[in-house]
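Please read these numbers as outputs of a predicted model, since none were measured by experiment. Counting convention: from 1, in listed order, for ligands and their atoms alike.
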Amino acid sequence: MKGIAVLIFTAVSAFAQPPYELLLKGGQVLDARNHINGVMDVAVADGKIAAVARSISSDQAKRVIDATGLYVTPGLLDMHAHVFAGTMGPEYTGTLSVRPDGFTFRSGVTTVVDAGSAGWRNFAELKKQTIDTARTRVLAFLNIVGNGMGGRETVEQDLADMDPERTAAEAARYPRLIVGIKIAHYMGPDWMPVDRAVDAGRRANLPVMVDFADFRKERPFQQLVLEHLRPGDIYTHLYLGAVPMLDADGKVLPYLFEARKRGVIFDVGHGAGSFLWRQAVPTVRQGFVPDSISTDLHVHSMNAGMKDLLNVMSKFLALGMSLEDVVARATWHPAREIRREELGHLSVGAPADIAVLRLISGNFGFLDARGTRLNGSQKLAAELTIHDGRVVWDLNGLAAGDWQSAPPRSEH
Ligand SMILES: [Zn+2]
């Protein structure tokens, strides 16, 4: 008797409860990993992608969202940001960093990677104040400098504090959070900081991200990408004025293609001073496009030419890249580069991190680091962002019911 009662109860509740919590209907799905660029329905259950199909019936979901005319993409992954804000330490260990939640979801971003604001001495602090408290998924590159980016002219030049062993040991302590090693802002003539970062990367089996800072004749950039970096290592700030990109006739220098062939990754890392139209326009037009698109979000870039990840992505639309290519470079490509292949796509079973984007037509202007403008006719906007299956940003109430459908207050 007892067994039958349980059976009936299960059958009834299965009938009463639709299997999916959320259903996005009729959107154009762009998923580079799964080679999808077409109108599909996407269902979410238990914080995971539950189904992606041409048509999923509306009665299968508790909440149905009409995504007709919109683009449904994996939650965006910004792999260069500075989010060590909170305790007001110097520079990127505090005052130049931002709290991620104020910038991410409203731009379709569900994961940010802090690009080396902390080193092995202060990573625990970054974890406690930001990673453990933010709603955004926060990962990190660990700086080769033990004190991280807590002083461009002091701490970050301290060769004695660049310890590959301790850096690799700290990375091994947090394998779910630390995705690589960073070296940045070094002004001296020697290769030692880059080589120590690569040494730490080798010990920890992680990629290295380089901000090459002062370009000096003693350590040519060509040697960085052709000799010092390993396949899978990342150069960020691709469109910095100092990067040798073009010959006297305006042709892309062949060594860049050679470095790419070796497996070196070129990331945008826009920032406040690292994106020039003079570099981006001719190189993209000649087919040398970035592997990943990232912001270098911090206090000085957020209100300048960078603004947010969607604005940086829109710049590449203005340069003639397809939306499909641009979205891949802010989702699946960076996920692969940081070796977090559970992110950046909409496969069944993946975390339900989803961006619903609108492509707006109009007359737009895009600023670079010099304050010069390039005109464009399209711009991306985030209508809806879902993180771990929950709606975390809803610009126009797409996921909400009409106010008149809410019960009167007295009924609560
Ligand atoms: Zn940075």
Side-chain angles (χ1 to χ4, degrees), residues 76-85 89-100 103-104 107 109 111-119 122-123 126 130-131 136 138-145 147-157 162 178-187 193-194 197 201 206-215 221 224 229 233-243 265-276 279 290-309 311-312 330 334 337-338 368-369:
L76 305 180
L77 196 168
D78 184 357
M79 73 167 205
H80 188 157
H82 294 279
V83 293
F84 194 177
E91 302 188 13
Y92 294 93
T93 61
T95 52
L96 294 183
S97 279
V98 300
R99 298 271 315 163
F103 298 82
T104 50
S107 312
V109 175
T111 302
V112 287
V113 186
D114 183 276
S117 305
N122 46 12
F123 177 76
L126 169 65
T130 303
I131 297 176
T136 309
V138 181
L139 305 170
F141 284 90
L142 193 63
N143 206 299
I144 188 65
V145 178
N147 281 310
M149 300 172 85
R152 191 178 182 118
E153 286 174 12
T154 52
V155 168
E156 291 183 74
Q157 310 305 319
M162 299 180 189
I178 295 175
V179 298
I181 311 296
K182 178 87 184 287
I183 166 67
H185 296 172
Y186 184 63
M187 302 172 195
V194 165
L206 290 173
V208 169
M209 179 189 264
V210 179
D211 163 341
F212 207 41
D214 287 11
F215 284 56
F221 181 76
L224 173 76
L229 296 186
D233 287 338
I234 303 150
Y235 171 70
T236 191
H237 303 316
L238 180 55
Y239 302 108
L240 189 75
V243 178
I265 308 287
F266 293 96
D267 174 58
V268 172
H270 189 301
S274 307
F275 186 96
L276 296 189
Q279 298 275 57
D291 293 298
S292 46
I293 299 176
S294 66
T295 59
D296 191 10
L297 170 68
H298 55 74
V299 164
H300 294 311
S301 66
M302 65 186 190
N303 293 322
M306 191 284 286
K307 297 180 175 64
D308 60 29
L309 185 57
N311 187 62
V312 180
E337 290 166 17
I338 61 167
D368 74 355

Asks: Just checking: His237, one of its N/O/S atoms, less than 2.8 Å away from the Zn ion (ligand 1), yes or no?
Replies: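 Not a single backbone or side-chain N, O or S atom of His237 is under 2.8 Å from the Zn ion (ligand 1).
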Asks: Restricting to N, O or S atoms of Asp296, which is nearest to the Zn ion (ligand 1)?
Replies: OD1
Asks: Does the side chain of Thr236 pick up a donor-acceptor pair with the side chain of Asp211 at under 3.5 Å?
Replies: no
Asks: Under 6.0 Å between the ring centres of His80 and His237?
Replies: yes
Asks: Can you tell me if an N/O/S atom from His80 lies under 2.8 Å from the Zn ion (ligand 1)?
Replies: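 An N, O or S atom of His80 is closer than 2.8 Å to the Zn ion (ligand 1), so yes.
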Asks: Ring centres of Phe212 and Tyr186 under 6.0 Å apart?
Replies: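 No, ring centres 6.0 Å or more apart.
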Asks: Pick out which of Thr93, Asp296, Asp114 makes a side-chain hydrogen bond (donor to acceptor under 3.5 Å, both in side chains) with His82.
Replies: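 With His82 as partner, Thr93, Asp296, Asp114 yield a single side-chain hydrogen bond (donor to acceptor under 3.5 Å, both in side chains), made by Asp296.
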